4 protein chains.
Amino acid sequence: MPNERGRPRRPETDAAILRATIDLLRETGYGGLSIEGVAARARVTRPTIYRRWPDKVRLVIEALAKAVPPAPAPDTGNTRADLHQLARSLVDRLVHTGLAPVVLAVHADSIGHDDLAAPLRDLYLHPRLEAITAVINRGIARGDVPPDTSPDTARDLLAGPLVYRWLVNSTLTDTDIDQLVDTSWAALSRGAPREANSTAQTRR
Amino acid sequence: MPNERGRPRRPETDAAILRATIDLLRETGYGGLSIEGVAARARVTRPTIYRRWPDKVRLVIEALAKAVPPAPAPDTGNTRADLHQLARSLVDRLVHTGLAPVVLAVHADSIGHDDLAAPLRDLYLHPRLEAITAVINRGIARGDVPPDTSPDTARDLLAGPLVYRWLVNSTLTDTDIDQLVDTSWAALSRGAPREANSTAQTRR
Amino acid sequence: MPNERGRPRRPETDAAILRATIDLLRETGYGGLSIEGVAARARVTRPTIYRRWPDKVRLVIEALAKAVPPAPAPDTGNTRADLHQLARSLVDRLVHTGLAPVVLAVHADSIGHDDLAAPLRDLYLHPRLEAITAVINRGIARGDVPPDTSPDTARDLLAGPLVYRWLVNSTLTDTDIDQLVDTSWAALSRGAPREANSTAQTRR
Amino acid sequence: MPNERGRPRRPETDAAILRATIDLLRETGYGGLSIEGVAARARVTRPTIYRRWPDKVRLVIEALAKAVPPAPAPDTGNTRADLHQLARSLVDRLVHTGLAPVVLAVHADSIGHDDLAAPLRDLYLHPRLEAITAVINRGIARGDVPPDTSPDTARDLLAGPLVYRWLVNSTLTDTDIDQLVDTSWAALSRGAPREANSTAQTRR
DNA sequence: ATCTAAGCGAGACGGTACGTCCTGTCTTGAG
DNA sequence: CTCAAGACAGGACGTACCGTCTCGCTTAGAT
C-alpha cells in the first residue's frame, strides 16, 4: 500500500513525545499530566501529538508499555525462589521507578471504559503478566504446584497482596515482599481448595 | 468555647456538596470531577466549596468517607463464613455502587503526598479495615487462625487478591469472591510459614 | 431626638477607616482600592465600614474631604501674587500628595450619577473653590479685575489650564504653574470679552 | 517575513471586541467595565481578548483611539472661528458620545504608570491634539496670534477651561463653549506675557 | 438593675470577575 | 501528508472582593 504519500513522520518525534510523557508522569503524576506540557517538553506542537494519539490515556498507555519492560520469567529450578525474584523484579520496575501510581491511576481511569481498558490490557497488562503464568506453569510441570491450580487465581494470590500492601502503606520493602510472597506461596504450593465454594468445607 | 465566632455554616450546604460530589463521581469518575460541576449540582458557589475543602482530593475523601459506610464485622461463629460475608459486603459497597474506581483513583493520587495520604488513611481506610482485623482476631481467639498471624498480612492476603482480580477483569462476580476468599483462607487457616524467608531471615 | 439608643460608635473607628482609605488610595489608586483592603488596614471588619458609608465612592469622597484641607485664600494685596500663591498651594495639596489622580478618578466615576456628584460637589469641590472666588472678588473690589467678570469663568480660566497641563504631562513644575497662571491672568485682568456669544462679534 | 506563521487572527474578532468595549463603556463606565462582559458581548471567550490586550486599560485605550476620531483642524480663514468650531467638534466627540468620563478615568488610571501613560499619549492624546496645534500655527502664520506663543500653553489655555467647566458642572452647553473659547482667545490673541515669570509685571 | 437597641468582630454566603491554564480543533504556510 | 505556529471556543482553575447576612458579645441609655 502506498501510504508513503506526503511528508513522512519523523520517528524521533514519536520517541521524544513518549520520553517527555514518562518524564512528566514521574514528576507530576497522571492527574497532573497535560498534553500541553508534553508538547512543550518534547519541543513539539500539540497537533503533532494529537495526530498520533487520540487522547491522554492512550498516550500514557503506550508510554508506559514502552517504559516499563516486562519482567523476564526467572528460571532457577526452584519455583518459590522464582516467585521471590519475580516479585522483586516487578516491584523494581514499578515502585522504584515511581511509575506505580501512574499505572494505578490509568487503570482507575479506564475501568468502565472498554475502549481504554482493551488497549491497556493488550498493550500493557497481558505482556507483563505472562512471566507469572510462566513461572506457575513451570511449577506445575515440576510438581511444586498442584496441577489443578487456576493461573488467574495464582496470579491474583501472588500479585494482589503485594499491590494491596503498597496501596495501604505507600511503600514496599524487600522484607514486605518476601513475607507476602511466602504467605501466598504457602497457599499456592499446598494447593488451594479446588472444589471451593461459599459453603464447602475448606479442609479436613 | 470561642470557636463559635462568626456566622455558623449551614449544615445543609455541607450535605448538598457531599451529595453532589458522590453523584458526579459515579457519573464522571474521579478524573472527570470538577469543583465547578459540584458547585453547580449542589446549587452553591465555588468559593463556598473552597471555604470547606482545600482541594478536590480532600473533598472526595470526605465524600467517600460519608458515602461508603464501613462494613460491619460479621460474627456468625464461623471465621471462614465471616470472611465470605465480609468480602461480599465490601464488594457491595464499592464495586456495586460504582465507587471502586474512584477509591482507587484517589489512592493513586495520594501516593507520595503525605498530606493527602494521611487523611485518606485516617478518614477512609482505617475505619473500613477494622472489620477485617476484628474477624481475624475473633478467628485467633476461636483457634481457627494461628495465633502468630500478622493482622496486616492477613488483611493483604484477603483483600489483595479481590482488588487485583477486579483491577484486571473490571468485574468481580460472587463466584470470584468466594473462590478467592477460599484460597486466601487456605493459607490463613493453616498458618502462613512463620519461619519462611526468601533467601535470608524474614525476621530475626 | 433620642437616636442615642444602643451602643455608640467609637469615633476612633471612623478615623482609622478614613486614614486607611487615604493611605491605600495613595498606594493603589482609586481603582485599586477595595473595601476589604481598607477594613484590613483599619483593623476593622467590612460591615463596620458599610454601617458608615454606603459604597466606595462615598467613603472616598469623605476621606478626601478630610485629607485635602481647603487652601486658604491668600491676601497679599496683589491679586496676581495671590493667584500665584493659591495655585502653588492647590498643586501642593493635590499633586504633591499623590491624591490628584484619585480626585480625578472620583470625578470621572461620579459624572452622570447625581447621587454621587452632589456630595462630591458639596463636601469636596465647593469648599475648595471658595478660595479662588474670594481672591477674584478681592481683585474686583481692588479694581484689578473687571467688575463684570463671571466668577465661574475666572475659576475655569485659572484652574483649567493647570489641570490640563498636569493631565497631559503627568507633572506640574513651579515654572509651569507660574507661566500658566500668568497667561490666564493676562486674559482675566484685561477683561474677557463680555459681549461675547456664539455668533456675535468675532472681534473689533 | 516569517511572522506569517500560525493561523492568522480573524480581523472580525478584533472589531467585535473593540465595538463591544465601546458599547459597554458607554453603558457602564470605565469602572464598571469587565473583560468578562466584553467577551460575552463580543461573543468571544476571555482568552481571546487576553491574547490581544494585556489588560483593561490597554484594551480601552485602543478602543477609544478607534472610537473617537481625531477632529479635523478647521480652516475657515479666521482663527477665532476655527477655534470655536474645533472646540464644538471636540466636545461633540467626547461629551455627546458619553465617552468623556471614560477618557478621564483612563487618564486618571494611567497617571504614574508610564507603561500605560505612554500608549495613551501616543495612541490617543497626541493625534487628537494636533488639530489644536495646527489651528494655532495657522493663526501665527496669519498674524492673529503672537509668534512667540508656546503651542503647549495655547493648548492648555483653550482646552483646560473647557475640561474644567465640564468636570465641575457635568455638562457643557454651546454657550459655555463659546464663552470659554472667547475668554481664552482674548488672552491668546493679545499675546500671553512671554517674559512671564512669577515676579514680572504683567502690565502697566 | 434590668431591658433593649446598637456597635462590633467574625465569618458564612451567593455572586461576579479575575487572569491563567488546558483541551481539542482548525487554519495557514512551509517542507 | 507532516509539521510548526498559533488562533479559537470552551471550560475549569483557585483567588479576590462584593454587599448582605447571621451569630455572640459588648456597651450604654432608657425604663
Side-chain angles (χ1 to χ4, degrees), chain A residues 2-10 13 32-40 43-56, chain B residues 1-14 32-40 42-52 54-56, chain C residues 2-11 13-14 32-40 43-52 54-56, chain D residues 1-11 13-14 32-40 43-56:
Chain A
N3 67 349
E4 302 293 0
R5 304 289 299 268
R7 173 174 171 178
R9 289 190 179 167
R10 297 186 64 219
T13 299
L33 186 80
S34 74
I35 300 280
E36 184 103 18
V38 174
R43 311 309 255 69
V44 141
T45 54
R46 262 177 307 137
T48 299
I49 298 180
Y50 284 115
R51 219 170 280 126
R52 284 147 216 257
W53 294 277
D55 51 44
K56 203 166 96 165
Chain B
M1 280 317 136
N3 66 346
E4 303 289 1
R5 310 293 294 268
R7 175 173 170 176
R9 290 187 179 166
R10 295 187 64 222
E12 300 97 309
T13 300
D14 296 66
L33 186 80
S34 74
I35 301 281
E36 185 105 16
V38 173
R43 311 316 237 77
V44 140
T45 55
R46 251 174 318 138
T48 297
I49 298 181
Y50 284 114
R51 216 170 282 128
R52 285 148 211 258
D55 51 46
K56 205 166 96 164
Chain C
N3 66 349
E4 301 293 359
R5 302 292 298 264
R7 174 174 170 178
R9 291 187 180 165
R10 296 188 65 220
T13 299
D14 297 66
L33 187 80
S34 72
I35 301 281
E36 184 104 17
V38 174
R43 312 315 236 80
V44 142
T45 55
R46 261 176 308 138
T48 299
I49 298 181
Y50 284 113
R51 218 169 282 126
R52 287 147 213 258
D55 52 45
K56 202 166 97 166
Chain D
M1 277 320 131
N3 66 346
E4 302 290 3
R5 310 293 295 268
R7 174 173 171 177
R9 290 187 180 166
R10 296 188 61 220
T13 300
D14 296 66
L33 187 79
S34 75
I35 300 281
E36 185 107 16
V38 174
R43 306 313 257 60
V44 140
T45 55
R46 251 172 319 140
T48 298
I49 297 181
Y50 284 113
R51 215 171 284 125
R52 285 147 214 259
W53 296 278
D55 52 44
K56 205 166 96 164

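Side-chain atoms are counted along with the backbone in the values below, which use heavy atoms only and exclude waters and symmetry mates. Protein chains get the first letters and strands the later ones, always in sequence-line order, with residue 1 at the start of each. This one's a predicted model, so the numbers in the text were calculated from it and none came from an experiment.
Counting atom types as modelled, B/Arg46 pairs a side-chain N or O with a base atom of F/dG14 as donor and acceptor under 3.5 Å.
Nucleic acid contact for A/Ser34: sugar-phosphate only, since backbone atoms but no base atoms lie under 4.0 Å from a heavy atom of the residue. Residue D/Arg10 is classed as a sugar-phosphate contact, given heavy-atom separations below 4.0 Å to backbone atoms only.
Proximity of A/Trp53 to A/Ile35: side-chain heavy atoms (C-beta onward) are nowhere separated by under 4.5 Å.
Distance, A/Asp55 CG to E/dC22 C1': 15 Å, rounded to whole Å. The distance between atom CD1 of C/Ile35 and atom C1' of E/dG15, rounded to the nearest whole Å, is 17 Å. Spacing between atom CD of B/Glu36 and atom C1' of E/dA17 amounts to 13 Å, rounded to whole angstrom units. Spacing between atom CZ of D/Arg51 and atom P of E/dT20 amounts to 13 Å, rounded to whole angstrom units. Distance OH (B/Tyr50) to C1' (F/dT15): 9 Å, rounded to an integer number of Å. Straight-line distance from the CG atom of D/Asp14 to the C1' atom of F/dA7: 11 Å, rounded to whole Å. One can place CD1 of C/Ile49 at 15 Å from P of E/dG7, the figure rounded to the nearest angstrom. Separating the CH2 atom of A/Trp53 from the P atom of F/dT2 is a distance of 13 Å, rounded to the nearest angstrom.
In terms of the side-chain contact (heavy atoms from CB on, under 4.5 Å) criterion, residue partners of C/Thr45 (sequence neighbours excluded) are, by chain and number, C/Pro47, C/Thr48. Annotation: side-chain contact (heavy atoms from CB on, under 4.5 Å) contacts of A/Ala39 (sequence neighbours excluded): A/Arg46, A/Ile49.
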Enumerate the protein-to-nucleotides 2-5 of chain E contacts in which both atoms are nitrogen or oxygen and the separation is below 3.5 Å.
none

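The nucleotide whose nearest atom lies closest to any side-chain atom of B/Thr45 is, among F/dC18, E/dG15, E/dG11, E/dG15.
Phosphate proximity of F/dA7 to D/Thr48: absent, as no side-chain N or O sits under 4.0 Å from OP1 or OP2.
The residue among C/Pro54 and B/Leu33 whose nearest nucleotide of DNA chain F is located toward the 5' end is B/Leu33.
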